[in-house]
Amino acid sequence: MDERAHALSTRVLRTGLGTFDDGAAPVNVPVVRTSTVRFESSAEYERLHRLRHDGGNVATYGRHGTATHRALEAAIGELEGAAHTLLAPSGMSAITLVFLSLLTPGDHVLIQDSVYGPVRERIEPLLARLGIEATYFAGQDGPPRDALRANTRLVYVESPGSFLYEIIDLPAFGAFAREHGIVLAADNTWSAGWLHRPLAHGAHVSIQATTKYIGGHSDLMQGALSTNDAALAHRLRDTHEALGLSVGADDAYLALRGIRTLGVRLAQHARHALAIAEYLQSEQAVARVFHPALPDDPGHALWQRDFRGANGLVSFAFTPLHDASHARAFVDTLRLFSQGASWGGFESLALVAPASRLRAHSYFRNDTPVVRLHAGLEDPSDLIDDLRRAFRLIRT
Ligand SMILES: *Cc1c(COP(=O)(O)O)cnc(C)c1O
């Protein structure tokens with residue numbers, strides 16, 4: 001039977017199962033922990049090392065992972081539609097790996113201005129020290145033709161963007177990158193690979209913080225990179241080796257377990273987020289709601305064209321009658337939304353978007369505070385009641 005003909009929801013459940021031994025098998029692949037890999041003979045030692053040297057995805061040492069890691073890579077490969085997937089100890093390390101693998105001193109990189117904040121705050125200074133220059137651009141305006149230089153090697157995007165979820169025309173960026181012989185890398189954390197496949201829309205590399213929806217329970221840190229380009233996979237793998245990036249087998253197992261329920265969790269998060277977004281649109285204190293599934297969101301048409309659904313993130317901007325103290329009082333009043341960074345777990349979260357990060361964003365120039373909500377799996381009417389109560393208590 002052609003496994004490829006199956007729907008994604010079927011395929012991600014059929015990959016990474018335990019293998020039969022003496023006629024029986026566990027459902028999921030076991031957690032295989034090891035540092036040393038033992039070989040049956042010197043001939044096997046040499047054969048497997050040769051295989052690895054020639055690019056085979058086999059482990060000759062624990063740092064390269066085990067059957068548990070291979071199973072997770074295969075499942076993420078199914079999600080991303082990718083032939084090559086590498087794991088990293090966090091989303092951040094996966095992103096840094098892309099920059100360090102693909103850029104050398106004297107190169108120039110184009111970065112969307114609404115990417116995950118630490119890219120600008122942590123990675124850009126590292127690149128500057130290495131003599132690599134970065135230029136930021138407004139992704140919603142399309143490919144940054146005017147910012148292109150002869151030494152531009154990489155375009156780095158994230159769609160929907162952080163905090164405000166603006167959608168970019170990724171196929172147009174793919175065409176732009178190919179026209180100029182540069183690599184297009186996309187942070188795909190928002191979609192978890194379930195809702196959107198950057199590689200099918202023109203990106204060369206797709207990156208995820210599997211910390212978020214793939215983990216799904218706020219109890220692990222992990223990242224992944226996927227590509228269909230063998231030469232790029234080779235470069236990424238070489239730098240991955242040099243940095244010694246490794247992921248514990250227990251965390252690989254948890255991420256694989258998260259993938260089994262990813263589709264049903266995301267559908268529920270999205271239903272709750274849409275209900276909350278629609279409620280927020282009716283609140284007097286709210287000037288604007290950001291969520292691409294809302295028909296009046298500027299990215300709605302691109303989202304409908306390129307995505308299979310939405311996730312649990314919704315942000316809103318207060319009206320000018322409200323300042324940062326109102327926003328802080330609002331989140332402090334909430335009972336069912338914890339305050340914290342990150343998202344993608346089962347629980348609801350609220351965070352006042354840091355003004356420094358929003359200032360870097362060209363999509364929405366406004367000086368009223370923005371709150372980011374992550375709609376968890378709690379009952380949505382309880383969540384909306386909690387929000388309603390908090391708005392009532394800060395009424396101006
Ligand atoms: C959380 C996040 C990251 C970083 O992932 P960590 O696992 O926390 O290092 C990167 N990109 C996006 C879009 C994220 O939301």
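Counting convention: from 1, in listed order, for ligands and their atoms alike. Quick note: residue numbers are just sequence positions, from 1.
In this structure, atom 5 (O) of ligand 1 lies nearest to the protein heavy atom A209 CB, 3.1 Å. Counting protein heavy atoms only, atom 12 (C) of ligand 1 is closest to D187 OD2, 3.4 Å. Closest to atom 6 (P) of ligand 1, if we only count protein heavy atoms, is G91 N, 3.4 Å. The nearest protein atom to atom 2 (C) of ligand 1, hydrogens excluded, is given as K212 NZ, 2.4 Å; this is a heavy-atom distance.
For the 3.5 Å distance criterion, the side chains of E347 and S338 fail to qualify, holding no donor opposite an acceptor. With hydrogens and angles left out, the side-chain atoms of Q140 and D169 include no donor and acceptor closer than 3.5 Å.
Ligand 1 lies nowhere less than 4.0 angstrom from a heavy atom belonging to W190. In this structure, I95 has a heavy atom closer than 4.0 Å to ligand 1.
Less than 4.0 angstrom separates some heavy atom of E158 from each of these atoms of ligand 1: 13 (C). Every atom of ligand 1 with a heavy atom of S90 under 4.0 Å away is listed here by number and element: 7 (O), 9 (O). Atoms of ligand 1 found under 4.0 Å from any heavy atom of W343, numbered from 1 in the order shown, are 15 (O).
Comment: E179 engages R145 in a salt bridge, judged by a side-chain N to carboxylate O separation of less than 4.0 angstrom. With salt bridges taken as basic N to acidic carboxylate O contacts below 4.0 Å, none links E78 and R14. Ion pairing of D386 with R335 is absent here, as no side-chain N (NZ or NE/NH1/NH2) approaches a carboxylate O to less than 4.0 Å. Contact check on E241 versus R52 returns a salt bridge, with a Lys/Arg side-chain nitrogen under 4.0 Å from an Asp/Glu carboxylate oxygen.
Residue M221 has no nitrogen or oxygen atom sitting less than 3.5 Å from a nitrogen or oxygen atom of ligand 1, judged on distance alone. Polar contact with ligand 1: present for M92 (N/O pair, distance under 3.5 Å). Of the polar atoms of T211, at least one N or O is found under 3.5 Å from an N or O of ligand 1, judged by distance alone. Distances between N or O atoms of S342 and those of ligand 1 include no value under 3.5 Å.
The cationic group of R235 does not satisfy the cation-pi geometry with F99, failing either the under 6.0 Å distance to the six-membered ring centre or the 45° limit from the ring axis. Cation-pi geometry between R357 and F163 is not met at under 6.0 angstrom from the ring centre and within 45 degrees of the axis.
Aromatic ring orientation, H196 versus F307: parallel (interplanar angle below 30°, classes split at 30° and 60°).
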